[in-house]
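For the single chain, residues carry numbers from 1 onward in sequence order. Each ligand, and each atom within it, is numbered from 1 in the order the structure gives.
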Amino acid sequence: MPVIEPFRIKVVEPIQMTTRRQREEVLEEAGKNLFSVPAESIIIDLLTDSGTGAMSARQWAAMMVGDESYAGGASFRRFEAAVKDIFGFERVIPTHQGRAAERILASTLCQPGNVVPNNTHFDTTRANIEATGAVAVDLPCSESVDLQEPAPFKGNMDLEGLVKSLDENVGNVPFVMVTVTNNGGGGQPVSMENIRRVSRICRERGIPFYLDACRFAENSFFIKQREDAYRSLSLIDIAREMFGYADGCTMSAKKDGMANIGGFLCTNDREVARQEEELLILTEGFPTYGGLAGRDLEAIAVGLYEALDPDYQTYRHASTRYLGDKLAAGGVPIIQPPGGHAIYIDAAAMLPHLPRDQFPGQALALELFLHGGIRSVETGSVMFGSRDAESGKEIPARNELLRLAIPRRVYTQSQIDYVVEVVLEIFAQRHRIRGVRIVEQPQRLRHFSAVFDFVEREAVAINEGVLAAP
Ligand code: F0G
């Protein structure tokens with residue numbers, strides 16, 4: 001039986017159609033940076049799956065009973081009960097989004113010179129750890145290196161690398177973290193076995209183990225599908241087992257909390273929680289709302305369970321895979337297999353005529369917008385690379401990727417068919433895509449505000465010799 005959307009649409013939001021001409025003007029004004037484009041001029045927005053989902057009627061209804069008391073609100077107790085039921089940690093600290101939880105965790109546990117291993121740090125996690133003077137180390141598994149070769153759990157942590165890192169840094173690792181699913185590594189899942197083994201390695205050494213739980217429900221579904229021992233377990237039981245191996249977690253409820261804002265931080269350590277709540281009060285708010293409105297806490301309390309609904313996850317994974325399979329069938333190189341929340345195009349493989357300092361991922365992102373009004377995000381050298389201050393040379397990232405992130409319960413299959421068609425039309429003309437250069441950039445997090453321009457055709461032509469034109 002085909003998998004269909006397990007919901008009906010009750011509220012609609014119009015999409016404004018635009019012409020290429022209009023999009024050229026908009027892009028010019030935005031300094032060729034898609035973060036600066038007004039959202040109304042986008043036809044399909046695949047910039048992120050974070051906070052962009054559609055809430056259910058039950059979530060909207062729950063928001064109406066939000067208790068906005070400053071302290072001791074009933075909404076906090078319902079939120080806390082839901083988080084404890086699924087995540088099982090003793091202390092639950094609400095925050096306005098995931099990075100606030102990361103900042104509080106890092107400020108509480110990290111000292112300058114500490115080392116924090118992760119399968120792959122998300123950029124805000126890395127930034128918050130590094131802001132304390134600690135070093136964030138990525139330890140992705142070896143299967144993740146070959147982007148196009150499928151493997152069931154390419155999000156796993158490299159266990160040998162972890163043991164080595166812990167042995168080299170005895171007494172210097174405040175916590176170990178595993179990100180589920182591995183967003184920086186293509187939205188790939190982490191197996192229960194890997195989580196269990198990381199947990200054992202940490203517990204033998206008395207090191208706290210945290211999960212970055214943003215997409216915990218998608219990861220639970222992958223475990224159910226791909227790990228034999230979990231086939232007959234419910235998603236909630238898989239999630240509970242997964243969290244049972246950890247000592248705490250950070251969470252962005254903008255992903256598998258199915259909410260438009262919110263997050264939280266959990267721990268089993270009462271003393272750590274006490275210190276974290278002190279920091280919370282400083283910048284986020286009182287521990288029974290943590291920077292959120294009571295109604296936001298209600299939306300999350302309902303959303304966490306909706307993310308674990310098997311019909312929803314079946315649809316979520318089928319629809320992401322649908323996009324990935326259609327692109328791959330048309331010859332587009334993508335990270336295989338498709339991840340849970342996004343499809344990642346290997347822009348370096350698709351545009352071999354562009355050298356890496358002409359940012360193939362950004363070049364493709366701009367073309368997707370110009371050709372079809374689709375917003376995506378480059379997750380390559382613009383986002384993760386840097387420019388050497390002395391030589392002015394670009395230091396590239398590990399990969400040149402373009403992420404098509406899929407908001408939850410937002411786009412229909414025909415809209416995704418439109419995305420497929422636009423990408424395949426561009427693919428057929430890919431040798432024409434121009435490289436880009438950075439005209440202006442800030443010192444940090446340059447992808448948000450850098451100004452770009454296309455590289456002149458003559459400069460591109462130098463590299464066209466190596467291209468087998470289609
Ligand atoms: N961890 C992971 C794995 C994430 O993907 C994100 C956000 C965060 C932490 C931070 O959460 O945004 O609520 O502060 N990822 C978004 C994205 C922004 O587009 O992938 P936040």
Visitor: Looking at E218 and R316, is any side-chain nitrogen of the basic one under 4.0 Å from a carboxylate oxygen of the acidic one?
Guide: yes
Visitor: So which of F76, F87, F216 actually passes ring-ring contact (aromatic ring centres under 6.0 Å, His included) with F264?
Guide: F87
Visitor: Heavy atoms under 4.0 Å from ligand 1: which residues qualify?
Guide: T48, S50, Q97, G98, R99, E102, F122, T124, T179, N183, D212, C214, R215, S252, K254, K255, R403
Visitor: Provide the full list of ring pair (Phe, Tyr, Trp, His ring centres under 6.0 Å) pairs with a residue in residues 172-198, sequence neighbours left out, each pair given once.
Guide: F175-Y210
Visitor: Does a side chain donor of either S252 or Q97 reach within less than 3.5 Å of an acceptor in the other side chain?
Guide: no
Visitor: Just to verify, what does D237 make a salt bridge (charged side-chain N to carboxylate O under 4.0 Å, His left out) with, not counting sequence neighbours?
Guide: R240
Visitor: Kindly list each side-chain donor-acceptor pair under 3.5 angstrom involving residues 359-372, sequence neighbours excluded, with atom names and distances?
Guide:
from : atom 1 : to   : atom 2 : distance (Å)
Q362 : NE2    : K32  : O      : 3.3
H371 : NE2    : E425 : OE1    : 2.7

